[in-house]
Amino acid sequence: MTHILLIVWLVCLSTLFVKANKFTLTAAVETDATMVAIDKFGNCYLASAYKLFKYSQDGKLLYPYEEFRYGAIGSVDVTNPLKIVVYFPAVMKAVVLDRYLSPLVTYDFLQLGYNSVSAVCGSTDGRIWFYDIASLRLKKIDETGKVLRESQRLNNLFGEIPAPNLLLEYSNIVYMNDSLLGIFCFDLFGGFIKKIPIKGLKKFQLFEEKIIYYSKDSLTSYDTRTLQTVELPLPEREVEQAVIGKQLLVILKKGKALFYNY
């Protein structure tokens, strides 16, 4: 059933970027969130400095998560809604949460021997990927810190030193974003595949073979197979961030999260 819903979601998204649908505002939630994400089930996540809240598709609060000991939240990866990865860069800790936003495991990179980690994301098998600045390698580890996969030194591979601000694993590919250099793609063994020449991004979404990102009051979809770009105008202006999911568009704007169905 979950697989069928995911297929329907992907088809809806693909159709949406071909022909804009009517957006209907269903909820407006007051928030100080600086990050927003939608998982494959249509749940929305709003993250501020020390808090993460999970909402239903119609804007109802489901579960809260608060952590004041680790500094501000740097990133939230909801690719696997059963193992959400929250990264705290100030103390270099990654906390994995369950569907109820209860902690499952904490990765303490300093205790594991890493003192410079710039980006973290989850893996489909429940482990995590991260970029180790000191060794210039993309690595995957388990809960004990055992290195399961790693790339070559990226300065040797590219002839330049990446400074990634975002990692995402999706459909057997690990995407590593560098705002200045573009998006680097790796296989699940850490082998380099290709570089996508989209620059200047801080955040983006992935579905099928498409990269979706917010730019200038619209969402842009970049097809990595055809290299075609399609823009979807948003129903709001002066938007801080926007993400799209299964029949749901969420926009951050002036202290509010606006929930739109389509």
Side-chain angles (χ1 to χ4, degrees), residues 2 5-6 9 24-110 117 119-124 126-130 143 165-170 202-206 214 236 239-261:
T2 298
L5 288 174
L6 180 57
W9 174 51
T24 302
L25 181 65
T26 58
V29 176
E30 292 188 5
T31 180
D32 60 352
T34 57
M35 288 173 276
V36 57
I38 298 176
D39 68 24
K40 64 183 179 182
F41 300 125
N43 300 303
C44 174
Y45 302 79
L46 299 176
S48 58
Y50 310 103
K51 301 177 183 179
L52 175 66
F53 296 101
K54 180 177 180 179
Y55 290 85
S56 64
Q57 186 168 329
D58 55 359
K60 293 181 180 179
L61 178 62
L62 297 176
Y63 308 107
Y65 169 72
E66 297 182 0
E67 179 55 79
F68 295 92
R69 298 171 297 170
Y70 299 157
I73 295 173
S75 65
V76 178
D77 179 13
V78 303
T79 306
N80 180 352
L82 304 181
K83 290 191 175 183
I84 298 160
V85 180
V86 182
Y87 182 50
F88 298 89
V91 293
M92 281 183 288
K93 293 180 187 287
V95 180
V96 181
L97 309 176
D98 65 15
R99 59 182 295 188
Y100 305 108
L101 301 191
S102 296
L104 293 171
V105 62
T106 297
Y107 290 81
D108 188 327
F109 289 106
L110 291 175
V117 173
V120 179
C121 76
S123 178
T124 53
R127 278 56 183 271
I128 62 170
W129 290 95
F130 70 97
E143 296 85 347
N165 62 353
L166 177 66
L167 283 175
L168 288 173
E169 180 192 306
Y170 189 87
K202 294 183 179 180
K203 302 179 186 298
F204 58 81
Q205 298 174 251
L206 296 162
Y214 167 72
E236 299 282 342
V239 171
E240 297 169 11
Q241 194 181 154
V243 293
I244 199 164
K246 184 183 65 174
Q247 299 181 342
L248 175 65
L249 170 72
V250 180
I251 292 174
L252 285 185
K253 178 182 177 180
K254 296 180 180 179
K256 290 186 178 181
L258 304 175
F259 289 67
Y260 284 88
N261 285 344

List in chain and number order the residues that pass salt bridge (Lys or Arg N to Asp or Glu O under 4.0 Å) with [X], two or more places apart in sequence or in another chain; answer none if no residue qualifies.
X: Asp98; value: none
X: Lys202; value: none
X: Glu240; value: none

* To do: Show your reasoning for whether salt bridge (Lys or Arg N to Asp or Glu O under 4.0 Å) applies to Glu143 and Arg127.
  => CA-CA 7 Å; Glu143 296 85 347; Arg127 278 56 183 271; 3.7 Å; yes

Exam field: side chain [X] to backbone [Y], donor-acceptor pair closer than 3.5 Å:
X: Asp39; Y: Val78; result: no
X: Thr26; Y: Phe259; result: yes
X: Gln205; Y: Ile244; result: yes

* Shortest non-hydrogen separation from Leu252 to Ala257 and the atoms involved ->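 For Leu252 and Ala257, the tightest heavy-atom pair comes out as CD2-CB, 3.9 Å.
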
* To do: Locate the shortest heavy-atom distance separating Ala94 from Val85; write the atom from each residue and the value.
  =>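 Taking Ala94 first and Val85 second, the nearest heavy atoms are CB-CG1, 4.4 Å.
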
Quick one, [X] and [Y] - any side-chain contact, counting heavy atoms below 4.5 Å?
X: Tyr214; Y: Gln241; value: no
X: Phe53; Y: Val29; value: no
X: Val76; Y: Ile84; value: yes
X: Ile73; Y: Phe88; value: yes
X: Asn80; Y: Thr124; value: no

* Asked: Does atom NZ of Lys256 have more than 12 heavy-atom neighbours from other groups under 6.0 Å away?
  -> no

* To do: Measure the spacing between OH of Tyr50 and CD of Glu66 and express it to the nearest 0.5 Å.
  =>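 Between Tyr50 OH and Glu66 CD, I get 12.5 Å after rounding to 0.5 Å.
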
* Quickly, which of Tyr87, Tyr107, Phe109 forms a ring-ring contact (aromatic ring centres under 6.0 Å, His included) with Phe130? Name it, please. => Phe109

* Asked: Side-chain donor-acceptor pair under 3.5 Å between Glu169 and Thr79, yes or no?
  ->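 Absent: no donor and acceptor within the cut-off.
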
